Number of protein chains: 2
Amino acid sequence: MNDEQWLQELLKINDEEVKLSDKQAKILEAAIEMFAEKGYAATSTSEIAKRAGVAEGTIFRHYKTKKELLMAIVTPTIMKIAAPFLAKEFVKEVFESQYSSYEDFIRALMNNRYEFVKKYLPMIRIFWQETAFHSDIKEQIQTVFMENIYGKFKRVIDHFQQKGELADLPANTIIRMTITTIVGFLLTRFILLPNLQWDDEQEMERTIQMLMHGLKKEG
Amino acid sequence: MNDEQWLQELLKINDEEVKLSDKQAKILEAAIEMFAEKGYAATSTSEIAKRAGVAEGTIFRHYKTKKELLMAIVTPTIMKIAAPFLAKEFVKEVFESQYSSYEDFIRALMNNRYEFVKKYLPMIRIFWQETAFHSDIKEQIQTVFMENIYGKFKRVIDHFQQKGELADLPANTIIRMTITTIVGFLLTRFILLPNLQWDDEQEMERTIQMLMHGLKKEG
DNA sequence: ACCAAAAATGAGTGATTACTCACTTCATTA
DNA sequence: TAATGAAGTGAGTAATCACTCATTTTTGGT
């Protein structure tokens, strides 16, 4: 995958192709790098222009404001973060064929999001950092979660509770604990303590085991 | 507790009393509020001065740079975050009397940190946000963790593993999962989704139960 | 009441900020 | 190849930035 393909893949929503001129791609790349490193507020448009090898005016030809540049990066990425839940056949696949247990489902989810975070780490950094300051980003995330993730996640949990695999805790609690555990691992692994020696496969399997023992039905 | 007492309590290290003039306290209060709301980089010293009801020059009489003002807030707070582990008798108390099980220990720890986060929420926000950008803050946290927390935490886990209460996972893994679970709950509760209707006591107990089932020795 | 030291002030500093705009260069198609 | 619109440019703008310093005000000891 060449330098621009990954950007195009990240930025396209609903398979709409994104036309990016050479300079535009350079601007986005530079902005992603610098926002991730120093944060949005501490990064100046002149720095972005310099790193992108572009005149400062060129940035404002494509994006009316600096904030609009941030949102152009952030908005499509929210969809990619939610990706595993977006497919129409998602629930059906979980129930009928692909995953015979909640454990398998969690394992697939974790592996999938592990690869995603690894690949788009700078983007994740930007979220981690800027969500706190921009309430509109936070709202977008919450909207996507409620409209695309929550309902499907709940049905998966109902399903495995009825099968007697999961404890009779409220679905909200199980969702929270599952996400917290997965996100907690990924953030620790890639952002908080990336320099430790990690045996990723083993640590993920242990994490899954601890989550499953914690959530399984007793008896 | 009046307006300045909580600040003095937060900022003192090793029980050294902190002398804070009226204006100085106002500056710190204003800075904490604004850094928490908008972030360090997006907060100007003139805004801080205005909110503190103080001339801008006064800030720089007490703190040579804006960064020094940030560190004056952050450094003592790191100690408070680590507080439960700092007492000399800590390990002894855990082993001999106070906690008869890892579950009791975790419950006490979680309740303690719950009250702390609730009380000093703006400070926690500042950490959550600025650790990403200031490597010196991150290093301070890691140093305090390694020197004051890690060793004691490990001994507690060794102890309860020998008693057969905890699974034979590596101590590092158990520490990571325990902290991730507690921090995950507190951040979700107070920062990510503070507006949900939380039954704190019940949700904390569920969280502890899931963690303990996840970590207990099988058999 | 007096004075010296400490604290507080706010106008002023040069640097940097996000953003504009008149202009040039490039790409496409007639 | 000439025409046209889009893409790109960079000097220029007012506003704001962190920080300074000469001056004034407050404080505490006698």
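Values in this document were obtained by computation on a predicted structure and should not be read as measured data. To find a chain, count down the sequence lines: A is the first, B the second, and so on, and within it residues start at 1.
Closest non-hydrogen pair, B:Ile78 versus B:Ile137, comes out as CD1-O, 4.3 Å. The shortest non-hydrogen separation linking B:Phe90 to B:Val156 is CE2-CG2, 4.2 Å.
Within the structure, the salt bridge (charged side-chain N to carboxylate O under 4.0 Å, His left out) test picks out the following pairs touching residues 38-55 of chain A (sequence neighbours left out): A:Glu33-A:Arg51, A:Glu37-A:Arg51, A:Lys38-A:Glu47. Identified under the salt bridge (charged side-chain N to carboxylate O under 4.0 Å, His left out) test for residues 191-210 of chain A, with sequence neighbours left out: A:Arg107-A:Glu205, A:Arg189-A:Asp200, A:Glu203-A:Arg206, A:Glu203-B:Arg176.
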Could you list all N or O pairs between the protein and nucleotides 16-20 of chain D that sit under 3.5 Å apart?
{"from": "D:dC17", "atom 1": "OP1", "to": "B:Ser44", "atom 2": "OG", "distance (Å)": "3.4"}
{"from": "D:dA18", "atom 1": "OP1", "to": "B:Thr43", "atom 2": "O", "distance (Å)": "3.3"}
{"from": "D:dA18", "atom 1": "OP1", "to": "B:Lys66", "atom 2": "NZ", "distance (Å)": "2.9"}
{"from": "D:dA18", "atom 1": "OP2", "to": "B:Thr45", "atom 2": "N", "distance (Å)": "2.9"}
{"from": "D:dA18", "atom 1": "OP2", "to": "B:Thr45", "atom 2": "OG1", "distance (Å)": "3.0"}
{"from": "D:dC19", "atom 1": "OP2", "to": "B:Lys66", "atom 2": "N", "distance (Å)": "2.6"}
{"from": "D:dC19", "atom 1": "N4", "to": "B:Glu56", "atom 2": "OE1", "distance (Å)": "3.4"}
{"from": "D:dC19", "atom 1": "N4", "to": "B:Glu56", "atom 2": "OE2", "distance (Å)": "3.4"}

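B:Tyr114 is linked by a ring pair (Phe, Tyr, Trp, His ring centres under 6.0 Å) to B:Phe190, counting only residues two or more places apart in sequence or in another chain. Applying the ring pair (Phe, Tyr, Trp, His ring centres under 6.0 Å) rule to A:Tyr40 yields the partners A:Phe35, A:His134; only residues at least two apart in sequence or on another chain are considered.
The CG-P distance, from B:Asp22 to D:dT27, rounds to 10 Å in whole Å. Straight-line distance from the NZ atom of B:Lys23 to the P atom of D:dT26: 9 Å, rounded to whole Å.
Proximity of A:Ser21 to the phosphate of D:dA7: no side-chain N or O atom is located under 4.0 Å from OP1 or OP2.
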* side chain to side chain donor-acceptor pair (under 3.5 Å) between B:Glu56 and B:Thr45, intermediate numbers included -> CA-CA 7 Å; B:Glu56 202 174 344; B:Thr45 49; 2.9 Å; yes
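Taking 4.0 Å as the cutoff to heavy atoms of chain B, we find the contact window on DNA chain C bounded by C:dA8 to C:dG10.
Rounded to the nearest 0.5 Å, atoms OG1 (A:Thr131) and CD (A:Gln140) are 10.0 Å apart.
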